[in-house]
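This report concerns only the one structure given below.
The chains referred to below are lettered A, B, ... by the order of the sequence lines, with proteins before strands, and numbering in each begins at 1. In this text, all values refer to a predicted model and were calculated from it rather than measured experimentally. What you see below is based on every heavy atom in this structure, not just the backbone, and it leaves out hydrogens, waters and symmetry mates.
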4 protein chains.
Amino acid sequence: MLAARRDEILVAAERCFARQGFHQTTIQDVIKESGLSAGCIYGHFTGKDDLIQAIGERRHARDAALLDRAQGISDPLEGLRSIARTSLADLHREEGLRSRRIALQLWAEALRDETVHRQVTSGVHRPVAEIVKLLRRGQRGGQIDPALNPRGIARSMVAMFQGFVLQRLWGEPFSTAEAMAAFELFLSSLVVKGAR
Amino acid sequence: MLAARRDEILVAAERCFARQGFHQTTIQDVIKESGLSAGCIYGHFTGKDDLIQAIGERRHARDAALLDRAQGISDPLEGLRSIARTSLADLHREEGLRSRRIALQLWAEALRDETVHRQVTSGVHRPVAEIVKLLRRGQRGGQIDPALNPRGIARSMVAMFQGFVLQRLWGEPFSTAEAMAAFELFLSSLVVKGAR
Amino acid sequence: MLAARRDEILVAAERCFARQGFHQTTIQDVIKESGLSAGCIYGHFTGKDDLIQAIGERRHARDAALLDRAQGISDPLEGLRSIARTSLADLHREEGLRSRRIALQLWAEALRDETVHRQVTSGVHRPVAEIVKLLRRGQRGGQIDPALNPRGIARSMVAMFQGFVLQRLWGEPFSTAEAMAAFELFLSSLVVKGAR
Amino acid sequence: MLAARRDEILVAAERCFARQGFHQTTIQDVIKESGLSAGCIYGHFTGKDDLIQAIGERRHARDAALLDRAQGISDPLEGLRSIARTSLADLHREEGLRSRRIALQLWAEALRDETVHRQVTSGVHRPVAEIVKLLRRGQRGGQIDPALNPRGIARSMVAMFQGFVLQRLWGEPFSTAEAMAAFELFLSSLVVKGAR
DNA sequence: GATGAATGAGCCTTCATTCAT
DNA sequence: TATGAATGAAGGCTCATTCAT
């Protein structure tokens, strides 16, 4: 099937990109990695940029799926914990790391490529919206201080996670436990004294 | 003078790199931007990689200077605030932003280039060490909960700032005030109740 | 076919090298001469050095073939004459001259390039060995003075021929007849008086 | 003095050329080797070609001096031996070898550069003329067979020596004794039976 | 005269892309 | 669809030469 071949190419490209970055990876590299031919690749993608963009979409979809999996918990604080836990756990799986290596390339690429920029920012907006929703519910339920600005807090949480990703990719000795502890600390500052 | 010419080249390269990224920037671009000739540039740098590395060092030095400026406050909490404030404020200066655009490139480059990797991680270690020092002093002074793990918190603070940088670079509507508020919130969770 | 294309390139390169020398010939020259493209040439050779080496091998093979053709004569003195005649005759064919022009380049290149050096010296050893064999047979057969050192004589004969090549390449008015006469003279000094 | 400085440059250039060949040697190499500056070299020579030509002249002069030293012997056969001995001996002095390394470059260069060509061929004509003179004297004196063609023999002797130079430069195990023995053999074929 | 930083034409090489098979 | 040889624009870099000091 066509989609299968397309996926083969994408998987090969992803491996190359994760290893060498977008601009250091040549089409020849992807050809070798995939075991296919130049013509074949150009039959499925219009060019290298198209390939990069498709990889971007893949990553985008993967993050969305990760977030979906973390949802469905009604308690706001537990919901936040779930998102944090799921995200941090992913940083310890081989595939998660490879995906983040590509994410980092895309983060940089977003400064120049409008399409990538849209993908990357919408990759921020989704979790921010999700977290905002949970925070609002917590404020309505009296667990979370109603004076707080949900948007700012959500963004900060996402920011912290992004920094975790970076430090993890650089091989810094920063454990999930430490990260989770810091997150809990942050969480504790949101909670109304006496509540849960 | 020789060093002056070298600097001219670096400034031009920095402008190019911030605009187009390392690998999209050609030496020809740097030549045009600097108004110099190819031979002149190769008289001061052994090649493009050398130029990238020199730019990395520049950035490294800039961040170190920024941190130096934020220091010298004896009160631990005030010290932490000072670091946060100085860093966030820098994100609103033209030059600070341009420097961060390059930082983001370097963050990605660090995955492949050992020298850049060292520069980048030591750019994390310095502020982490500084923050750890302040936290420890706060713990000894009774202002900060002695049960907390300073290293993990410091890393989380740096992580949060790194995320702020990303979001700022992507043009996300995230104000310094919001960022500072989130930081204060985080800070509040460290403080022993009753202590200020 | 691949080998055919490779040969096309070599023929073009040979023409260029014979005309301008290795180091004055640019890849651009070979491109023009062959009517192919840069990429195509680099698809068949790793670079200019590879091309030079391949040309060296070609020359080497050509000389070996020439020598093969001159062999198969059982009488020692006639065998020597055959080698001399064949070699000298080749200096009057267009293709032989072009090949020698390249040989001269290679002779000089051998001072710096180990691979070329090996090719060139083995291009001396082959005929020396052949001549030594004939001389020994002549000595055993009583035609040639047994007191003579075959190796030294063989080397001297080859040396003389190399000098003929040089003078011919420089356009010196030195006829095959003169060269052959000198060779006969040399030959006569080897022959035992009274023997054929 | 000016000429002294000029010589300094030539000596440095000669060392570079002998080591790397004309076209692999950059002016930068000569600058380093001489310890002088670019401007200084261009004050004494109009360019690289001029330098090569001056080196060629130096070589030419050196060979002429060598030949001069070998002369002055009235007996024809002894005169020929003297020339051969002097030339072969020079191949075992460090300076002689270095000079021949450059000669080999020039031999190749002569195929393209008219000026070098003239130098090189006149470097053949001089000894040929000298040898012819000796042979003629020998013929008139009855020592040498009057039927022989002096010009052809002289050229062959020079040719043999040129081949010796080549083999020596390539590090071939060819001793002066062997070369001299072969020369004597050749000489013996010229001599009228019964004469000296 | 001497210096050496600067010039810039031109070299070697790569690599995204095409297209006949 | 798939192949892979061929294309050629463009990139990084070198090096002979100049010229202000």
Next on the checklist: Taking Watson-Crick (N1-N3 plus N6-O4 or O6-N4) and G-U wobble (N1-O2, O6-N3), each under 3.5 Å, can you produce the dot-bracket string of DNA chain E? Use [ ] for crossing pairs and | for inter-strand ones.
Outcome noted: .||||||||||||||||||||
Checklist entry - Nearest-Å distance, CG (D:D50) to P (F:dA16)? => result 14 Å
Checklist outcome for this item: Residues passing the salt bridge (charged side-chain N to carboxylate O under 4.0 Å, His left out) test with A:D63, sequence neighbours excluded, are A:R59, A:R100
Checklist entry - If you look only at pairs with a residue in residues 43-56 of chain B, which of them pass as a salt bridge (Lys or Arg N to Asp or Glu O under 4.0 Å), with sequence neighbours excluded? => result none
Checklist entry - For C:H44 and F:dA5, is the shortest distance between a side-chain N/O and OP1 or OP2 below 4.0 Å? => result no
Next on the checklist: Does F:dA5 have its OP1 or OP2 closer than 4.0 Å to a side-chain nitrogen or oxygen of C:R5?
Outcome noted: no
Checklist entry - What's the CZ-C1' distance between C:R6 and F:dG4, to the nearest Å? => result 18 Å
Item to check | Those residues that, when tested against C:E8, pass salt bridge (charged side-chain N to carboxylate O under 4.0 Å, His left out) (two or more places apart) | outcome: C:R5
Item to check | Nucleotide E:dA5, atom P - distance to CG of D:L36 in whole Å | outcome: 15 Å
Checklist entry - How would you list, by chain and number, every residue that makes a side-chain contact (heavy atoms from CB on, under 4.5 Å) with C:H23, sequence neighbours excluded? => result C:E109, C:R112, D:H23, D:Q24
Checklist entry - Within this structure, what is the CZ-to-C1' distance between C:F45 and F:dA5, rounded to whole angstrom? => result 15 Å
Checklist entry - Is there side-chain contact between B:F22 and B:L51, with at least one heavy-atom pair below 4.5 Å? => result no
Checklist entry - Which pairs pass salt bridge (Lys or Arg N to Asp or Glu O under 4.0 Å) with one or both residues in residues 21-30 of chain C, sequence neighbours excluded? => result none
Checklist entry - Does the distance from a Lys or Arg side-chain N to an Asp or Glu carboxylate O, for C:R118 and C:D113, drop under 4.0 Å? => result no
Checklist entry - In chain order, what residues pass the salt bridge (charged side-chain N to carboxylate O under 4.0 Å, His left out) check against D:E95, with sequence neighbours excluded? => result D:R62
Item to check | side chain to side chain donor-acceptor pair (under 3.5 Å) against C:T115, all qualifying residues, sequence neighbours excluded | outcome: none
Item to check | nucleotides 15-21 of chain E: protein proximity per nucleotide (B base, S sugar-phosphate only, - neither; heavy atom, under 4.0 Å) | outcome: BSBBB--
Checklist outcome for this item: Across all chains, not counting sequence neighbours, the side-chain contact (heavy atoms from CB on, under 4.5 Å) partners of B:Q28 are B:T26, B:I31
Checklist entry - Expressed in angstrom and rounded to an integer, what is the separation of B:F22 atom CZ from F:dG12 atom C1'? => result 17 Å
Next on the checklist: Applying salt bridge (charged side-chain N to carboxylate O under 4.0 Å, His left out), can you list everything that pairs with A:R19, at least two apart in sequence or on another chain?
Outcome noted: A:E33
Item to check | Interatomic distance where NZ belongs to D:K32 and P belongs to E:dG4 [whole Å] | outcome: 14 Å
Checklist outcome for this item: Residues in residues 7-19 of chain B with a heavy atom under 4.0 Å of DNA chain F, by number, are none
Item to check | C:I41 CD1 - E:dT13 C1' separation (whole Å) | outcome: 12 Å
